[in-house]
Structure formats: structure tokens, C-alpha cells
*Asks:* 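Just passing along the structure, written as C-alpha cells.
Computed from a prediction, not measured in an experiment: that's the story for all the values here.
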Amino acid sequence: MRIAALYDIHGNLPALEAVSAEVKAARVDRIVIGGDVIPGPMPRECLDAVFALGVPTHFIAGNGDRESLAAKRGTMSSVIPPAFRPAMEWNGAQLTVEDERAIDAWPLTERMHLAGIGDVLFCHATPRNDVEIFVSTTAEEKLRPIFDPLHAAVVVCGHTHMQFDRHIGGTRVINAGSVGMPFQKPGAYWLLIGPGIELRRTDYDLQQAADRVRATAYPLADDFAAKILAGADEAATAAKFAAAELK
């Protein structure tokens, strides 16, 4: 069995389109959408796309999906910064009743058994919630109490938008990276599992994508377009996250 794990799309339809083409070429048997399809500049289009991938698809809820739904319901969390609240409200307004039902049903984790690999558990941030932060350099002793009890061969996560592949005790923990808003070199990052495990990066037309984003009514369109073009310094981002990583 071959599985594509697509995380942190964040409404970036051009990136999703490029990755979807490579996923189709890889002839995967299943797709896991690992949370945070939204918020972003093209939420409606990205939701429509992931609901129509043409391959059995499993969904996990991310904090962005959850908070966008809360914004639609007028219950947005106080953790959302004031500068980002109009963008969340705009995303929430794009959601249909059918979207609400779907997102409400997305679980925190998904577990599968793959021949030759073993049990693989998919989560957004960590298996216990959708907001905890850890990176490739987070001390192992902080993480083993989270991952050891799972008895999984592999755990796939996202949330921090940076790919990595490391071992925590006896568990291989892999961050799939971000399709739509990576905190590393520009591109679209994802994961292919079966028969081995491959961290993948897909190139796409960044300038065209930025132009498409700027043509939307997304309140943060210009900022998002600039991030598509520039990417981010992975080392600087990891250092910034270190202050917020789980204790």
C-alpha cells in the first residue's frame, strides 16, 4: 500500500494542485490530509479539491480547521492574534453547512497498519492535541512520554511546517512538512509512504501562485503571496519555536 500524507495546505490551491498531480502519478492507494486545509487565501477551492481527490482519503483535524470553524460560529479562541482575526473570520464565512459537518467529524489521529512498516499513526501536532510544538531538535526526554505509549512504528505529524525525520525512543517520528506554507525553502512539501518512506518536495510556479493569491479577497493576501515567494529560514524558525515548544 502507498499513502500520500498532505499536511498544512493553508488554502494554497496552486501548491495543492501541483502536489495532487505528483500524488496521482505516484499511484497511491490512500491519502491522509493531516490538518490545516484552512485558513488561507483559497479555502473554498482547497476544501472542494481535497473532497474530490478520487482516492480513499482520511482527514485529521488541525488547529487551523478548528479555529476557522469556531470563527464561523463566533467562538474564535483568544489565542488568535488580533491582526489575524479578520482573516479567520473571512475563512469561516467561506464554510458551508456541509463543511461544518465534515470538519466536526475529523478525528485527532488516524492509525493504519502497513505491511513492512508496522503501525503508522497520523496526527496534526502531537497525538494528544493539535497545538503542541516540537521540532527536530526538541530533547528526546520531553517527547518519549508522548510517543512511547503509542507502540507505533511510525508517527507522522505536521503543524510546524518543517520536514524532519528522527527517532524518539523506538518510534520513528516524521514531520511531513507543509504543502502550502512551508517554513523552509519555497515549494510544496509532503510525504510518500510505501514501500519505504520518502520526504517529498514539489516545485511549482511561485510567481503565478502569488499572483493568484493576490487576486483573492483574502485579508492577508499580500503577506501570504510574499511568503510563497520567499519561503522562510528554517534554522531561524526552529529557534523561534524553541521558546514555544512543549515543556
*Asks:* Contact between Asp99 and Leu69 at the side-chain level, heavy atoms closer than 4.5 Å - yes or no?
*Replies:*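 In short, these two side chains do not touch, never coming nearer than 4.5 Å.
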*Asks:* Just by distance, no angles: are the side chains of Asp119 and His151 close enough, under 3.5 Å, to form a donor-acceptor pair?
*Replies:* no
*Asks:* Would Val179 end up clustered with Ile103 when hydrophobic side chains under 4.5 Å apart are linked, directly or stepwise?
*Replies:*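 Yes; tracing contacts between hydrophobic side chains, which count when under 4.5 Å, links both residues.
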*Asks:* What pairs of residues pass the salt bridge (charged side-chain N to carboxylate O under 4.0 Å, His left out) test when at least one of them lies in residues 85-98, not counting sequence neighbours?
*Replies:*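 Non-adjacent pairs meeting salt bridge (charged side-chain N to carboxylate O under 4.0 Å, His left out): zero.
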*Asks:* One pair to check against side chain to side chain contact (heavy atoms under 4.5 Å, CB included): Val135 and Met162. What are the steps and the verdict?
*Replies:* CA-CA 8 Å; Val135 294; Met162 294 184 292; 3.8 Å; yes
*Asks:* Flag the pair Lys72 and Glu67 as a salt bridge only when some basic side-chain nitrogen lies within less than 4.0 angstrom of an acidic carboxylate oxygen.
*Replies:*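 Glu67 and Lys72: not salt-bridged.
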*Asks:* Taking transitive links into account, so neighbours of neighbours count too, which hydrophobic residues share a cluster with Ile174 at under 4.5 Å side-chain distance?
*Replies:*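 Reading the cluster by chain and number, Ile174 sits alongside Met1, Ile3, Tyr7, Val32, Ile60, Met112, Leu114, Ile117, Val120, Phe122, Val154, Val156, Leu191, Ile193, Ile197, Leu199.
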*Asks:* Main chain of Val37, side chain of Asp65: is a donor-acceptor contact present, judged purely on distance under 3.5 Å?
*Replies:* yes
*Asks:* Would the distance check show the side chain of Arg30 and the main-chain N or O of Thr57 forming a donor-acceptor pair, the cut-off being under 3.5 Å?
*Replies:*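 No: the side chain of Arg30 does not pair with the backbone of Thr57.
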*Asks:* Would you confirm whether Asp8, through its side chain, and Asp36, through its main-chain N or O, come within 3.5 Å as a donor-acceptor pair?
*Replies:*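 No, the answer is negative, given that no donor and acceptor are paired below the 3.5 Å cut-off.
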*Asks:* Do the non-hydrogen side-chain atoms of Asp29 and Val55 ever get within less than 4.5 Å of each other?
*Replies:*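 With C-beta onward as the side chain, the pair stays apart.
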*Asks:* Can a donor-acceptor pair be found, under 3.5 Å and without considering hydrogens, that links the side chain of Gln163 to the backbone of Ala176?
*Replies:*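 Yes, the answer is positive, given that a donor and an acceptor are paired below the 3.5 Å cut-off.
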*Asks:* Of all heavy-atom pairs between Pro14 and Arg212, which one has the smallest distance, and what is that distance?
*Replies:* CG-NH1, 3.6 Å
*Asks:* Under a 3.5 Å threshold, yes or no: a donor from one side chain and an acceptor from the other, between Thr171 and Asp148?
*Replies:*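 There is no such pair (donor and acceptor under 3.5 Å, judged by atom type) between the side chains of Thr171 and Asp148.
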*Asks:* Could you check if a side-chain atom of Leu121 sits within less than 4.5 angstrom of a side-chain atom of Glu110, using non-hydrogen atoms only?
*Replies:*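 Side chain of Leu121 against side chain of Glu110, heavy atoms only: no contact under 4.5 Å found.
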*Asks:* Restricting to pairs with a member in residues 200-210, which pass salt bridge (charged side-chain N to carboxylate O under 4.0 Å, His left out), not counting sequence neighbours?
*Replies:*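 Passing the test, one end in residues 200-210: Glu22-Arg200, Glu198-Arg200, Arg201-Asp203.
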*Asks:* State, to 0.1 Å, how close Leu206 and Pro186 come at their nearest heavy-atom pair, and which atoms those are.
*Replies:*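 Here Leu206 and Pro186 meet closest at CD1-CB, 3.5 Å.
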*Asks:* Check whether any side-chain heavy atom of Pro39 sits under 4.5 Å from a side-chain heavy atom of Phe84, and report yes or no.
*Replies:* yes
*Asks:* Does some side-chain heavy atom of Phe134 sit less than 4.5 Å from a side-chain heavy atom of Cys157?
*Replies:*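 Side-chain contact under 4.5 Å: yes.
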*Asks:* When clusters are formed by joining ILVMFWY residues with side-chain heavy atoms under 4.5 Å apart, either directly or through shared neighbours, do Val131 and Val155 land in the same one?
*Replies:* no
*Asks:* Taking side chain as C-beta onward, heavy atoms only, is Trp90 less than 4.5 Å from Pro43?
*Replies:* yes
*Asks:* State which residues pass salt bridge (Lys or Arg N to Asp or Glu O under 4.0 Å) with Lys227; sequence neighbours excluded, sorted by chain then number.
*Replies:*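 Partners of Lys227 by the salt bridge (Lys or Arg N to Asp or Glu O under 4.0 Å) criterion, ordered by chain and then number, come out as Asp223.
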*Asks:* Is Asp104 paired with Arg101 through a side-chain N to carboxylate O contact shorter than 4.0 Å?
*Replies:*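 Salt bridge absent between Arg101 and Asp104.
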*Asks:* Using only atom types and a distance under 3.5 Å, with no angle test, would you say the side chain of Tyr189 pairs donor to acceptor with the backbone of Lys185?
*Replies:* yes
*Asks:* With a 3.5 Å cut-off and sequence neighbours excluded, list the donor-acceptor pairs that the side chains of residues 234-242 form with protein atoms.
*Replies:*
unit_1, atom_1, unit_2, atom_2, d
Glu234, OE1, Gln184, NE2, 3.2
Thr237, OG1, Asp233, O, 2.9

*Asks:* Given side chains that start at C-beta, do those of Glu141 and Leu143 come closer than 4.5 Å, heavy atoms only?
*Replies:*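 The answer is no, as the side chains (C-beta and beyond) never meet within the 4.5 Å cut-off.
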*Asks:* As an exercise, state the distance from OG1 of Thr75 to CZ of Arg66, rounded to the nearest 0.5 Å.
*Replies:* 10.0 Å
*Asks:* Measure from the ring center of Phe51 to the ring center of Phe59 and say whether it is less than 6.0 Å.
*Replies:* yes
*Asks:* Not counting sequence neighbours, which residues clear side chain to side chain donor-acceptor pair (under 3.5 Å) with Glu45? List them please.
*Replies:* none
